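This report refers to the structure that appears directly beneath it.
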Amino acid sequence: MAKVLMKGNEAIGEAAIRAGCKNYFAYPITPQSEVAEYLAKRLPEEGGCFLQGESEVAVGYMIFGAAGAGERVMTTSSSPGVSLMSEAISYIAAAQCPAVFVNIMRGGPGLGGILPSQGDYFQATKGGGHGDYHLLVLAPDGVQEAVEMTMQAFTLAEKYRNPVMILGDGMIGQMMEPVEFRDDLKSEPSNKDDWASNGMATRGSKKRNLVKSLFLDPTELNKNNLILKAKYEQMRKEEVQYELYNEDTDYQVLITSYGTMSRVCRTAIDMLKEEGIEVAMFRPKTLFPFPEKEVHDAAVKESCKSVISIEMSMGQMVEDVQRCVMGKRPVEFYGECGGEIPTPEKIIEIVKGLI
Amino acid sequence: MGKTYTKPAALTDNHTHYCPGCTHGIVHRLVAEAIDELGIQDTTVGIAPVGCAVMAYNYFDCDFQEAAHGRAPAMATGIKRVRPDLNVFTYQGDGDLASIGMGEIMHAANRGEKFTVIFINNAIYGMTGGQMAPTTMPGQRATTAPMGRDTALTGMPLRMANILSQLVTPAYVTRQAVLKPQQVNKAKKAIKKAFQYQVDGTCFSFVEVISTCPTNWGMTPLDALKWAEDTLLPYYELGDYKTPEDEPK
Ligand SMILES: Cc1ncc(C[n+]2csc(CCOP(=O)(O)OP(=O)(O)O)c2C)c(N)n1
Ligand code: SF4
């Protein structure tokens, strides 16, 4: 298919349809409301289901209900909305249902602002809701990747029977870029008859299915948690995605960065190169599972003197970077938030200070 | 001579965990009978609440999902919208539906979601040990209202059937009780009708059932039935509040 120029939010909506998702529930919040506006028109055209819920709390359970009934389903929101959905996300993870959540992050905490931010890294990768669970978290760096990751998300959610989160930011949602919808990323929904509460008649069975997260017997609860743990281990083995930039040089500094921020870092690296200064970048595309070994290996390269995590937050991913570098190189941090995106010039100044 | 009274097919063989004298069991049976009589067991998905009925899925022999506290109507919305061919019902207590889940029930009802809600009003939080519910009567003691509910501080008990019947979207809204055999028979008819409206794809249906919680009311089962009759029924009047045939007000 030829490339088309699309706004990130609309492209995410279209990607869900192309991936084979016909069900979408959401509640408006800037800077992602265009996904809902786009799908309000497109889904009925496709014979799908669009519903604006009364709150993100309710939307979380509309997603849970639809996923539990065995249908492909997605919602999109932004930071404060995702906080409200966190209750449902914990329940969905516990009940092992596949669902896709998109968080187009804005500045926080609190009501914060409506400009791009990466302040929800902790929430997305370390919990958000209660209990021991993880989401598979994909972080696109632009509209094209947002489309691809949205399409992949449904397959991954079904492979693991786990919620998958696309962690983008307001910049990705609002900007326009040429995108291609790759047919090879389309997939058929998996057969969910083994577990979904899709009605006994649907699967021609006399055995009922229960979608639940209550395990009052401690051994049963422990067992369920061990099943979840095993899935997270499998994700760590099979799903890690990352990108290395300018890694074939004797780089003195390794920048770690993800999403929109990584694009600015790439520009800074190119400008530094012209001055004869080699800097590489490690960009995790999966924030959970985090590319632990890969970032470690990139950091300990002999020429590399230090590592710096550059984020649109007050320092969140840096904690994972530090954990993985294990003290073998100093790990610094630079970040801005509130909607300000650090400029290439600023990054150059910061990186030069490390050399 | 054949059996005149058998267990509905839509109930499992499990013994319930409900306290002796609790009317949850009666309502379970009525729901199961309605499912049997309409022949919808294999197309039905129930939604369990958080509250004493949290394990309702152990007793109903049909697919089930379990919601968080108060969220059952949103979950039912999700199922019914993506699978309109399934019959979906929620079974919720008064803390679940009228307190934490007030937003979800109001909006599901107002959208006219075509599922059925069975709402157990026992004027208290049963499962967590007798705290005050939005339905607790003035002066009624609860662990969080040790001197009795003071309406100057906490307002008046919410009458959910009355409130929901004010919504314009067509719906079947009724309040029933299961304190006496005649009431049980009437409740049965109402519950069956509520499911019938769903099967016909007509409307949202809501059956409030006045129930007892002898354990947390601190009464014998018999005294509980009498107290409910004397105290709850004058405030929670029984009857149909709205039918789809009514003109919108
Ligand atoms: C978010 C959340 N808050 C509080 C609770 C604790 N809780 C469990 S049951 C319950 C009260 C249920 O009462 P009701 O809905 O009246 O049902 P009953 O037990 O009387 O049948 C509460 C507060 C919970 N499980 N989840
Ligand atoms: S606590 Fe009350 S509502 Fe719950 S089972 Fe016992 S009697 Fe019934």
Side-chain angles (χ1 to χ4, degrees), chain A residues 21-25 27 43 48-73 75 86-92 94-95 97 99 129-130 193 195-216, chain B residues 9-10 12 17 35 39-51 53-88 90 100-111 113 115 127:
Chain A
C21 171
K22 293 278 177 64
N23 306 297
Y24 175 84
F25 301 86
Y27 187 81
L43 273 171
C49 162
F50 168 89
L51 182 65
Q52 177 171 327
E54 65 269 30
S55 70
E56 289 88 348
V57 174
V59 164
Y61 288 89
M62 292 174 186
I63 297 293
F64 190 4
E71 300 296 312
R72 278 197 172 169
V73 64
T75 186
S86 298
E87 180 197 58
I89 293 175
S90 164
Y91 276 72
I92 296 170
C97 293
H130 59 285
D193 285 354
W195 59 268
S197 57
N198 54 359
M200 292 191 276
T202 304
R203 43 184 200 276
S205 163
K206 285 278 154 227
K207 203 182 110 331
R208 71 211 169 99
N209 281 341
L210 304 177
V211 172
K212 68 183 195 94
S213 64
L214 178 71
F215 301 95
L216 285 175
Chain B
T12 63
H17 69 284
I35 291 173
I40 56 172
Q41 186 184 358
D42 60 354
T43 53
T44 293
V45 180
I47 302 188
V50 164
V54 70
M55 289 184 287
Y57 50 76
N58 282 343
Y59 314 130
F60 289 106
D61 191 10
C62 62
D63 280 3
F64 244 84
Q65 294 200 20
E66 182 181 70
H69 202 30
R71 316 289 180 232
M75 189 174 231
T77 299
I79 304 173
K80 193 74 190 186
R81 288 279 176 146
V82 301
R83 287 292 307 271
D85 56 317
L86 295 175
N87 298 295
V88 181
T90 72
I100 188 167
M102 185 61 144
E104 283 78 5
I105 189 61
M106 289 296 285
H107 286 277
N110 191 51
R111 285 190 302 264
E113 298 294 345
F115 59 77
M127 187 195 218

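What you see is a predicted model; the values in this text were computed from it and never measured. Chain letters run A, B, ... following the sequence lines, proteins first, then strands; residues in each count from 1.
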Do any pairs count as a side-chain hydrogen bond (donor to acceptor under 3.5 Å, both in side chains) and have a residue in residues 61-73 of chain A, sequence neighbours left out, and if so which ones? A:Tyr61-A:Glu87, A:Arg72-A:Glu158, A:Arg72-A:Ser187
Contact part of A:Ala196 toward chain B, heavy-atom cut-off under 4.5 Å: side chain, backbone, both or neither? backbone
Scanning both residues in full, the closest heavy-atom pair of B:Asp63 with A:Asn209 reads OD1-N, 2.8 Å
Nearest heavy-atom neighbours spanning A:Glu54 and B:Gly103: OE2-O, 3.6 Å
Using every non-hydrogen atom in the two residues, find where A:Cys49 and B:Arg81 come nearest and quote the distance to one decimal. SG-CB, 3.7 Å
Per side-chain contact (heavy atoms from CB on, under 4.5 Å), A:Ser197 is matched among B:Thr44, B:Ile47, B:Val45, B:Leu86 by B:Val45
Approximate separation, where rounding is to 0.5 Å, of A:Leu210 CG and B:Asn58 CG: 7.5 Å
Return the option, out of A:Val59, A:Val57, A:Val73, A:Ile63, with the maximum number of heavy-atom pairs under 4.5 Å with chain B. A:Val57
How many angstroms lie between CG in A:Leu216 and NE2 in B:His17, if you round to the nearest 0.5 Å? 9.0 Å
Counting neighbours of OH on A:Tyr27 that are heavy atoms of other residues, nucleotides or ligands and sit closer than 6.0 Å, is the number greater than 12? no
Name the option with the most non-hydrogen atom pairs under 4.5 Å to chain A; the candidates are B:Ala48, B:Ala108, B:Gly78. B:Gly78
Quick one: what part of B:Met106 sits under 4.5 Å from any heavy atom of chain A, side chain, backbone, both or neither? neither
Start with the C-alpha distance between A:Val211 and B:Met75, add both sets of side-chain angles, then the distance that settles side-chain contact (heavy atoms from CB on, under 4.5 Å), and finish with yes or no. CA-CA 12 Å; A:Val211 172; B:Met75 189 174 231; 5.5 Å; no
Could you work out, with salt bridge (charged side-chain N to carboxylate O under 4.0 Å, His left out) as the rule, every residue matching A:Arg208, not counting sequence neighbours? B:Asp61
Tell me the closest heavy-atom pair linking A:Leu214 and B:Glu66, and the distance in Å. N-OE1, 3.0 Å
Residue pair B:Arg83 / A:Thr202: nearest heavy atoms and the distance that separates them: NH2-OG1, 2.8 Å
Heavy-atom pair of closest approach, residues A:Ala69 and B:Ile79: CB-CG2, 3.9 Å
Rounding to 0.5 Å, atoms CE (A:Met62) and CD (B:Glu104) come to a distance of 8.0 Å
Pick one of side chain, backbone, both or neither for A:Tyr91, based on which atoms fall under 4.5 Å of a heavy atom in chain B. side chain
